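All of these numbers come straight from a predicted model, not from anything done at the bench. Computed from heavy atoms alone, side chains included, the values below leave out hydrogens, waters and symmetry copies.
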2 protein chains.
Amino acid sequence: MIKNSYYPFFTNLANKLKMDIILSLRKKEKNVTELTKDLVVEQSKISHALSSLKCCNIVKVKQLGKQRTYYLNKDTILKILKLIDNHAHTYCKSECCEKIR
Amino acid sequence: MIKNSYYPFFTNLANKLKMDIILSLRKKEKNVTELTKDLVVEQSKISHALSSLKCCNIVKVKQLGKQRTYYLNKDTILKILKLIDNHAHTYCKSECCEKIR
DNA sequence: TAATCATATGAAGTATATTTCATATGTATT
DNA sequence: AATACATATGAAATATACTTCATATGATTA
């Protein structure tokens with residue numbers, strides 16, 4: 001069902017920066033400036049990343065004056081991360097996963 | 001906490017062929033030849049894809065003579081796919097997700 | 001044990017996604 | 001209304017992942 005909806009969703013998660021953003025927003029919602037400082041990453045990178053995360057409704061925004069505060073759509077993501085944590089804990093002992101192709 | 005284990009895992013899922021393999025194995029375990037016929041894809045592509053899926057323990061293998069039968073490690077994957085299905089059903093109405101970057 | 005079948009693998013070529021940089025847009029402040 | 005601040009966006013450059021093709025390996029059969 002909706003097979004192709006998997007692809008863009010996972011493409012979003014298969015990215016170090018986007019995952020860092022997700023993990024950062026998991027603690028607390030943040031605006032773009034705060035994210036750039038928190039992750040020490042250039043602003044446009046953050047904006048580009050947020051843009052695709054927002055596409056898939058992984059994050060949402062609210063505008064407050066000139067700032068835009070991004071926050072996690074926790075519904076889906078937190079459950080997925082927990083599943084992966086369990087998986088990794090059980091199955092990913094080796095360094096094999098480092099060199100995916 | 002194992003942050004980087006997310007990355008290779010999702011990289012595996014962010015791929016049409018690998019997802020097709022997963023969905024095919026969801027129905028029934030198969031050897032490489034069966035997968036190539038089922039998905040109409042060249043053998044080495046299937047083997048490469050299986051290799052990285054196996055890395056992350058998304059699939060497992062058992063050898064039977066000269067055949068190798070691959071099967072899903074259903075533990076994690078099926079739950080994740082179900083979460084994504086729910087997510088997609090609720091949040092992915094638009095064609096926005098098609099043009100990720 | 002030579003031949004065949006099933007699968008794996010390396011490396012170059014190609015496709016796709018990310019980064020970078022310059023600039024645009026939109027909101028607030030003076 | 002001009003300036004400054006916050007964020008977004010386009011496009012070229014770069015990095016990364018995938019595909020292809022030729023060949024290797026390992027198991028079975030004649």
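Between A/K45 and A/Q63, it is A/K45 whose nearest contact on DNA chain C lies nearer the 5' terminus. The residue among A/G65 and A/E42 whose nearest nucleotide of DNA chain C is located toward the 5' end is A/E42.
In this structure, A/Y7 reaches the C/dA17 phosphate: one of its side-chain N or O atoms is under 4.0 Å from OP1 or OP2. Distances shown here put every side-chain N or O of A/N15 at or beyond 4.0 Å from the OP1 or OP2 atom of C/dA17.
Under the salt bridge (charged side-chain N to carboxylate O under 4.0 Å, His left out) criterion, A/K30 pairs with A/D38, sequence neighbours left out. Evaluation of the side-chain hydrogen bond (donor to acceptor under 3.5 Å, both in side chains) rule for A/E34 yields no partner, not counting sequence neighbours. For the salt bridge (charged side-chain N to carboxylate O under 4.0 Å, His left out) test, residues two or more places apart in sequence or in another chain that qualify with B/E29 are B/K62. Listed by chain and number, the residues in a side-chain hydrogen bond (donor to acceptor under 3.5 Å, both in side chains) with A/S47 are A/Q43 (sequence neighbours excluded). Shown here are the salt bridge (charged side-chain N to carboxylate O under 4.0 Å, His left out) partners of A/K82, two or more places apart in sequence or in another chain: there are none.
Look at CD1 on B/I46: it is 13 Å from C1' on D/dC18, rounded to the nearest Å. What separates CG of A/L39 from P of D/dT7 is a distance of 14 Å, to the nearest Å. Between the NZ atom of A/K30 and the C1' atom of D/dA6 there is a distance of 18 Å, given to the nearest Å. B/L35 places its CG atom 10 Å from the P atom of C/dA8, with the value rounded to the nearest Å. Following rounding to the nearest Å, A/N12 (CG) and C/dA17 (C1') show an atom-to-atom distance of 11 Å. Atom C1' of nucleotide C/dA8 and atom CG of B/L53 are separated by 15 Å, given to the nearest angstrom. Atom P of nucleotide C/dA17 and atom CG of A/L13 are separated by 14 Å, given to the nearest angstrom. If you take NZ of B/K16 and C1' of C/dT16, they are 16 Å apart, rounded to a whole angstrom.
One cannot find a donor-acceptor pair under 3.5 Å joining the base of D/dT7 and the side-chain atoms of A/H48.
Computed from C1' positions of five pairs at each end, the angle between the two local axes of the helix from C/dT1-D/dA30 to C/dT30-D/dA1 equals 20°, rounded to 10 degrees.
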Side-chain donor-acceptor distances from residues 67-75 of chain A under 3.5 Å, at least two apart:
unit_1, atom_1, unit_2, atom_2, d
A/R68, NE, A/Q63, OE1, 3.1
A/N73, OD1, B/Y91, OH, 3.4
A/N73, ND2, A/N57, O, 2.8
A/D75, OD2, B/Y91, OH, 2.8

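Side-chain contact between B/I21 and B/K45 is absent, with no heavy-atom pair separated by less than 4.5 Å. With contacts defined as side-chain heavy-atom distances shorter than 4.5 Å, the pair B/T90/A/T76 does not qualify.
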Atom pairs, protein N/O to nucleotides 4-7 of chain C N/O, distance under 3.5 Å:
unit_1, atom_1, unit_2, atom_2, d
C/dT7, OP1, B/V32, N, 3.3
C/dT7, OP1, B/R68, N, 3.1
C/dT7, OP2, B/T33, N, 2.7
C/dT7, OP2, B/T33, OG1, 2.1

Working for side-chain contact (heavy atoms from CB on, under 4.5 Å), residues A/F10 and B/N15: CA-CA 8 Å; A/F10 288 125; B/N15 177 277; over 6 Å; no
